Amino acid sequence: MTSERIHFYYKNVTAEVIGTEHGLTAQQFQELAQKTTPLIEQLNQQRKASKVRYRDLPYNEQYPKQVREIASQVMNECENFVVLGIGGSALGNIALQTALNPYLYNLDAAQRKGPRLFVFDNVDPMQLSSFLDWIGDKLDKTIFNVISKSGRTAETAAQFLIIREMLLKKLGPGGYKKQIIATTDPKEGTLRKIVNEAGFRTLEVPDGVGGRWSVLSPVGLLSAAVGGIDIENLLAGARDMDQRVSRTDFFANPAALNAAINWHYYNAGKRISVMFPYAWRLKDLSDWYRQLWAESLGKTKNLKGLDVYVGPTPVNALGTTDQHSQVQLYREGPNDKIFTFLQVKQFDRDIVIGPAPESTPELSYLAGKQMSRLLNSEKLGTEYALLHDKRPCMTVLFDQVNAFTIGQFIYLFEATTSLAGLLFDINAYDQPAVELGKEATFALMDQPGYEDLAEKIKPVQQIDGGYLV
Ligand code: PA5
């Protein structure tokens, strides 16, 4: 275990920095503490009663053991490891890979410890065809990890059926069985049925843990371990953060502060929450966060069954890239956003910027400086500019980016989302609104049982020429 930490910094949402119209006063913080403290206790109680199952994942000893066992087989068996999944069955895998493995992991064998890693979380025929063209003669050196709790998700099922056919044709039933690892519900569901027939190696999607909360289970751990990521330290980081997010002292609990500040600003009309990492490695964590925040907090009904239509809109940006794309809007557009920067103190590697040509002395201020200094100066520069325009900013400061701090980050935002759910008084663990679109797709794809819905969709399906320009 390492000693690096992440820290949550929130001075730049205070009235002291951005004034009383947009900033929080000491009195308002006290009110937030009063509102949130009983909810921290409530969440701690729910968790003790096993009602918040994701909170126990970092303590599960069986899952990492099973994952390590399969990962060590896979690392010997294959050159390519392909995840088929979507939503919570893919975003955590992608985030871990981007955060903890080198940028050119797939291209440069010298930079990687495991097989090449691909995650397919879409059904785009152009994208998948290109991949299938490349992988077609490498199937015996490729393991496919199909991840689906239900097994009914159309995207993952379609990808699986394509790969299944290919494997059966090229490698026969033995190859089909050997090249697939399924991560799914331990007892029921469509994929479990297929697993029971085909006899694949399997891992479980834990009972009571929804997709977007499952990255610290075998769902996210297998591809991480196969890629050489230190999953023990990842889980240790989550356990470390668990101590901090369980504290009942509001001002010592980063998840409580984060949730309460977000909740306050939502109610004050700042309904857009921008996550703005200043480290390329952290960019897919903001994608993972985007799903967690949106699916968990965007709800019609509160827990009393009343219509509330709540949900902050999560947006992700990347520093410095989006300074040249979004900051004009962020500074001069409506003051309806709050910003969460991710900043890294110590990069594992750095580059010294070379000397400027004599003809361009205006560039010599860069020469001899470290690139990380430029990146962090741009973060501070952007934050300063936003604060100048009274935009509230928070920062998650990473001492370093490693498995331990990424585990902390994941757990911090999971606990923040749970507490935000309690503040909004909604169920953060379901996603009923995702269903109708899924069912409509079943109907459009002629799934028996959906004929009535297919009729209802017709007006949307038919293009009305009167409106086509
Ligand atoms: O968070 C969720 O519950 C969803 O994003 C699911 O992970 C996603 O819909 C995939 O579901 P499944 O694992 O059943 O294929």
Side-chain angles (χ1 to χ4, degrees), residues 51-55 57 63 82-97 119-124 128 144-164 180-196 200 202-224 284-299 311 314 316 410-411 413-418 420-421 426-442 445 447:
K51 288 186 181 146
V52 196
R53 303 286 284 275
Y54 79 85
R55 291 292 292 267
L57 291 175
Y63 293 145
V82 185
V83 172
L84 309 178
I86 196 164
S89 296
L91 289 164
N93 304 61
I94 298 169
L96 291 178
Q97 170 71 3
V119 182
F120 285 96
D121 62 348
N122 209 326
V123 279
D124 186 295
L128 193 62
F144 296 89
N145 180 202
V146 49
I147 308 177
S148 179
K149 190 176 176 76
S150 60
R152 283 179 79 232
T153 305
E155 295 88 341
T156 311
Q159 290 173 337
F160 167 72
L161 295 178
I162 291 166
I163 298 299
R164 172 180 179 271
I180 291 180
I181 297 168
T183 307
T184 189
D185 189 280
K187 294 191 204 89
E188 48 194 42
T190 304
L191 186 54
R192 179 53 56 185
K193 260 195 264 170
I194 299 173
V195 168
N196 292 343
F200 306 139
T202 63
L203 287 163
E204 65 179 70
V205 181
D207 196 28
V209 178
R212 60 189 176 276
W213 308 88
S214 70
V215 55
L216 299 177
S217 81
V219 169
L221 293 181
L222 181 63
S223 66
D284 290 328
L285 272 174
S286 64
D287 236 18
W288 167 83
Y289 148 82
R290 199 166 60 119
Q291 183 209 14
L292 183 66
W293 204 242
E295 280 198 352
S296 303
L297 302 181
K299 299 288 154 72
N316 46 5
I410 287 169
Y411 210 80
F413 274 86
E414 287 178 341
T416 298
T417 308
S418 288
I426 48 95
N427 179 355
Y429 307 103
D430 65 359
Q431 56 286 324
V434 177
E435 283 315 305
L436 185 59
K438 278 191 189 177
E439 286 171 15
T441 305
F442 293 154
M445 294 293 287
Q447 162 106 300

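In listed order, ligands and their atoms are each counted from 1. All values derive from a computational prediction rather than experimental measurement.
- Contact between V205 and P186 at its shortest, heavy atoms only, is O-CD, 3.4 Å.
- You'll find the side chain of L128 stays beyond 4.5 Å of the side chain of N122, heavy atoms only.
- Using a 30° and 60° split on the angle between ring planes, Y54 and Y429 fall in the tilted class, from 30° to 60°.
- A salt bridge between D430 and K299 is present, with a side-chain N of the basic residue lying under 4.0 Å from a carboxylate O of the acidic one.
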Pairs of donor and acceptor atoms involving the side chains of residues 82-92, under 3.5 Å and at least two apart or interchain, shall be tabulated with distances.
none

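- Using a heavy-atom distance under 4.0 Å as the criterion, the protein contacts of ligand 1 are I86, G87, G88, S89, S148, K149, S150, T153, G211, R212, Q291, E295, Q431, K438.
- The structure places CZ of R192 at 4.5 Å from OG1 of T202, a figure rounded to the nearest 0.5 Å.
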